[in-house]
Amino acid sequence: MSQILLPLSPASSGPPRIVVGNANAHVAEALAVPETWPFRTAVLLGPPRSGKSLLARWFAENGGESIDDAHRLDETELFHGWNRAQEAGTPLLIVGGEPPWQIALPDLRSRLGAALQLEIGAPDDTMAEDLLHAFAEQRGLALGAEAAAYLVPRAGRSFADLDKLVAAIDRISLERKVPATHSIWRAALEAVHGPEEPRLL
């Protein structure tokens, strides 16, 4: 997995790190060259827990400007933010929610429609494995090397599903006061997806 474009944190408990994989590699590549964006503006959409805010924070820390949760803002306020960035000549990353983003204000809709459109997709198995470990690192949870091989084929294929699964593993492990091993993984899968979900056994 290429990780040359973004400074990823080492594997340790602490702040969340950016996992680059099939779902967001094109976003990482685009954020590295904002000078190529139409009107120096990009719009980033994607599902919950997909790292949009982390990418926005990284972009802002490296010379750009970002507006996170833009879909929750007043559209006139967002339009003024776009104008200010244009006047300053600052690259602007506007982060919304899940697509499609319905914009009512015609002037804002036309301007954001002309920007570079970026969307985070669904993680494949390789990225899902990396995400499981990244979510575990945030919690200081030790997942064995064999954990991903068991969990990935059985887990839901979304960022939020993977995050919920790791949270369940952590919670059950603490409740039972035992390390997160096979029995904990299985209990967490049932807690998140239910015992009747079709999974490998």
Side-chain angles (χ1 to χ4, degrees), residues 1-9 15-34 36-75 77-79 81-82 85 91-105 108-139 148 151-152 155-167 192-193:
M1 190 67 60
S2 174
Q3 297 182 339
I4 60 174
L5 292 172
L6 298 175
L8 306 187
S9 308
R17 62 186 174 96
I18 299 170
V19 175
V20 178
N22 73 294
N24 64 0
H26 62 293
V27 175
E29 292 168 1
L31 295 187
V33 287
T36 67
W37 301 353
F39 304 101
R40 298 181 298 278
T41 304
V43 176
L44 174 61
L45 304 179
R49 298 296 293 150
S50 59
K52 301 188 300 293
S53 294
L54 286 177
L55 289 165
R57 193 179 314 152
W58 175 87
F59 185 72
E61 290 171 353
N62 286 272
E65 181 181 346
S66 63
I67 301 176
D68 199 5
D69 286 331
H71 59 299
R72 302 183 189 279
L73 297 179
D74 177 82
E75 292 188 355
E77 178 185 347
L78 183 55
F79 178 68
W82 184 92
L92 176 63
L93 176 65
I94 296 176
V95 180
E98 292 187 83
W101 182 8
Q102 304 295 337
I103 299 173
L105 188 65
L108 179 64
R109 185 169 62 245
S110 64
R111 283 159 176 76
L112 297 194
L116 177 66
Q117 305 297 311
L118 299 171
E119 183 178 335
I120 298 175
D124 62 9
D125 284 357
T126 300
M127 188 175 185
E129 178 175 347
D130 291 341
L131 287 165
L132 284 174
H133 287 290
F135 289 142
E137 287 163 16
Q138 292 173 34
R139 295 175 172 274
L151 293 169
V152 168
R157 188 55 81 250
S158 77
F159 293 91
D161 283 340
L162 295 167
D163 188 30
K164 289 176 185 176
L165 178 58
V166 172
V192 172
H193 298 295

For residues 93-100, run the donor-acceptor check on the side chains, cut-off 3.5 Å, and write out each pair with its distance to 0.1 Å, sequence neighbours left out.
none

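- Between the side chain of E75 and the main chain of L108, no donor-acceptor pair closer than 3.5 Å is present.
- Interatomic distance, L151 CG to E129 CD, rounded to the nearest 0.5 Å: 10.0 Å.
- Proximity of V152 to L132: side-chain heavy atoms (C-beta onward) are separated by under 4.5 Å at one or more points.
- Atom OG in S50 sits 12.0 Å away from atom CG in L162 (nearest 0.5 Å).
- The side-chain heavy atoms of L105 and L78, taken from C-beta on, include no pair separated by under 4.5 Å.
- Of all heavy-atom pairs between H133 and R17, the closest is C-NH2, 4.4 Å.
- Looking only at side-chain heavy atoms (C-beta outward), K164 and F135 stay at 4.5 Å or farther from each other.
- Once rounded to the nearest 0.5 Å, the distance linking OG1 of T41 with CD1 of I67 reads 9.0 Å.
- Here the shortest heavy-atom pairing between A155 and L165 reads CB-CD2, 3.7 Å.
- F39 and A114 make their closest contact through CE1-CB, 3.7 Å (heavy atoms, listed as atom of the first residue, atom of the second, distance).
- With rounding to the nearest 0.5 angstrom, the CZ atom of R57 is 8.5 Å from the CD1 atom of I18.
- Looking at every heavy atom in both residues, P47 comes nearest to G121 through CG-O, 4.4 Å.
- Considering only heavy atoms from C-beta on, R157 stays 4.5 Å or farther from D124 through its side chain.
- Contact annotation: the side chain of P34 never approaches that of R40 to less than 4.5 Å [non-hydrogen atoms, C-beta and beyond].
- Within the 3.5 Å criterion, the main-chain N or O of V19 finds a donor-acceptor partner in the side chain of N24.
- A distance-only check finds a donor-acceptor pair linking the side chain of H193 to the backbone of G156 [under 3.5 Å].
- Looking at K52, its side chain never comes within 3.5 Å of a backbone N or O of L44 through a donor-acceptor pair.
- With hydrogens and angles disregarded, a donor-acceptor distance shorter than 3.5 Å links the side chain of Q117 to the backbone of A115.
- Although no hydrogens or angles enter the test, the distance criterion places no donor-acceptor pair under 3.5 Å between the side chain of D69 and the main chain of R72.
- Atom CZ of F79 has more than 12 heavy atoms from other residues, nucleotides or ligands within 6.0 Å.
- Between the N62 side chain and the W58 main chain, a donor and an acceptor come within less than 3.5 Å of each other.
- Across S66 and A60, no two heavy atoms sit closer than the pair OG-CB, 3.6 Å.
- The minimum heavy-atom distance linking R49 with Q138 is given by the pair NH2-OE1, 3.8 Å.
- Atoms CG and OG1, on D130 and T126 in that order, are 7.0 Å from each other to the nearest 0.5 Å.
- Although no hydrogens or angles enter the test, the distance criterion places a donor-acceptor pair under 3.5 Å between the side chain of W37 and the main chain of A30.
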